[in-house]
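Residues: numbered from 1 along the sequence shown.
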Amino acid sequence: MTHVQGHAQPDQPRERQDDESLESVVRAVRSHPSAVLLAIQLVAVLGYPFLDDSVVGRAGLGVVQMAAVFVGAWAVRRTPALPWVAVLLGAPAMVFTIAEAVFDDTGWVIGVSALFHAPFYFFVSYALIRYLFHDDKVTRDELFATGAAFTVVAWGFAYVYAGAQVLWPGSFIAASEGTVRDWFELLYLSFTTLTSVGLSDVVPVEGHARSLVMVEQVAGVFYVALVIARLVALTARRPQR
């Protein structure tokens, strides 16, 4: 009996180390929710081309993306409005995320999905920006939140473009064939427009689409200027030692 116990003892420190490692991961996630949200956003961008041909993959990625965005916003900015946004916009948007994956060529499904998704993402980006400006300190998580809010805005405008494409067919042309741009092309257009790099081969050719693109260009420049101005102001206000 003593011999058996002697062999069992070395396993206990290992189990304790595993528990401590798990606790450290949980603490890191709780202390940096914006970093987790930004990482999930970037993984979704990298993973979408691999799942584009799978209905289950597209639907699952969309639902996980929305859940991560909401949880990230809830972690950094717990306002009474967030539960209402989740019920009125988030829940229907998740349903239509699945519907889009199944009926990807149905115009009204895409249009209604954009009607719920766009305001949901814009509200979450607003909550993240409020989080950035809620005090006079710049934490590490707030730095990650600047990137997370930026990507959330890009997602919101991508859904705006998807809705515009339903309302005004032929709004966008691209190097690829067809008159209808798929979701990933519109997301690519949104990121290149918001960052003002101008690398997109997806081009707005209809008047309403061009107007929306110009609004996103202004939003991108304004966002960068706003964040930089805040960081510079806080640095200038920091007491000298």
Side-chain angles (χ1 to χ4, degrees), residues 41-42 44-45 48 52 58 62 65-66 69 73 81 85 88-90 92-94 96-97 99-101 103-130 132-133 146-230:
Q41 295 276 90
L42 297 179
V45 170
Y48 190 88
D52 191 24
R58 291 197 306 269
Q65 158 75 16
M66 285 201 63
V69 167
V85 171
L88 298 178
L89 296 176
M94 283 191 178
F96 276 94
T97 295
E100 270 192 281
F103 308 103
D104 56 345
D105 293 329
T106 306
W108 74 267
V109 173
I110 297 174
V112 175
S113 177
L115 188 64
F116 286 109
H117 275 92
F120 173 81
Y121 280 115
F122 288 143
F123 184 87
V124 169
S125 64
Y126 165 77
L128 290 171
I129 292 173
R130 285 288 302 273
L132 295 175
F133 286 81
T146 60
F150 196 81
T151 57
V152 170
V153 172
W155 245 270
F157 272 103
Y159 276 104
V160 170
Y161 297 153
Q165 192 171 230
V166 174
L167 293 176
W168 304 290
S171 292
F172 304 95
I173 60 173
S176 58
E177 297 181 356
T179 59
V180 179
R181 309 273 64 85
D182 63 29
W183 158 248
F184 198 63
E185 285 181 303
L186 296 177
L187 184 63
Y188 176 61
L189 170 64
S190 182
F191 268 99
T192 56
T193 301
L194 195 63
T195 55
S196 299
V197 297
L199 296 177
S200 180
D201 57 354
V202 183
V203 181
V205 294
E206 201 277 334
H208 297 285
R210 287 179 172 176
S211 297
L212 295 173
V213 168
M214 285 188 282
V215 170
E216 185 175 15
Q217 289 171 335
V218 173
V221 173
F222 181 74
Y223 179 85
V224 173
L226 193 68
V227 171
I228 292 178
R230 171 168 170 76

Residues W108, V166; criterion side-chain contact (heavy atoms from CB on, under 4.5 Å); working and verdict: CA-CA 8 Å; W108 74 267; V166 174; over 6 Å; no

pair W155-V45: side-chain heavy atoms closer than 4.5 Å: yes

Pair W183-R58, side-chain contact (heavy atoms from CB on, under 4.5 Å): steps then yes or no: CA-CA 10 Å; W183 158 248; R58 291 197 306 269; over 6 Å; no

Rounded distance [0.5 Å steps], CG in L212 versus CD in Q217: 11.0 Å

Minimum-distance pair of heavy atoms, taken over all atoms of V202 and F172: CG1-CB, 4.1 Å

Sequence-distant partners of T192, side-chain hydrogen bond (donor to acceptor under 3.5 Å, both in side chains), two or more places apart: none

Results of side-chain contact (heavy atoms from CB on, under 4.5 Å) for T151 - residues two or more places apart only: L38, Q41, F191

For F120, all residues meeting ring-ring contact (aromatic ring centres under 6.0 Å, His included), sequence neighbours excluded: none

Plane angle bin for Y121 and H117 - parallel if under 30°, tilted between 30 and 60°, otherwise perpendicular: parallel

Partner set under ring-ring contact (aromatic ring centres under 6.0 Å, His included) for Y223, not counting sequence neighbours: F150

Minimal non-hydrogen separation, A164 against S171, with atom names: O-OG, 3.7 Å

Heavy-atom closest contact (S196 atom, V221 atom, distance): OG-CG2, 4.0 Å

E216 side, atom CD; L189 side, atom CG - distance, nearest 0.5 Å: 7.0 Å

Point-to-point distance, once rounded to the nearest 0.5 Å, from CD of E100 to CZ of F96: 9.0 Å

I110 CD1 to L167 CG distance, which is reported to the nearest 0.5 Å: 11.5 Å

Partners meeting salt bridge (Lys or Arg N to Asp or Glu O under 4.0 Å) with E185 (sequence neighbours left out): R181

Non-neighbouring partners of F184 that pass ring-ring contact (aromatic ring centres under 6.0 Å, His included), sequence neighbours left out: Y48

Trace of the side-chain contact (heavy atoms from CB on, under 4.5 Å) decision for T193 with F157: CA-CA 10 Å; T193 301; F157 272 103; over 6 Å; no

Over all atoms of both residues, closest heavy-atom pair of I129 and A149: CG1-CB, 4.3 Å

Test item: S125 side-chain N/O and F122 main-chain N/O as donor-acceptor pair under 3.5 Å: yes

Closest contact, heavy atoms only, S113 versus Y159: OG-CE2, 4.0 Å

Heavy-atom side-chain contact between L186 and Q165 under 4.5 Å: yes

Atom of V213, atom of P204 and distance for their closest heavy-atom approach: CG2-CG, 3.7 Å

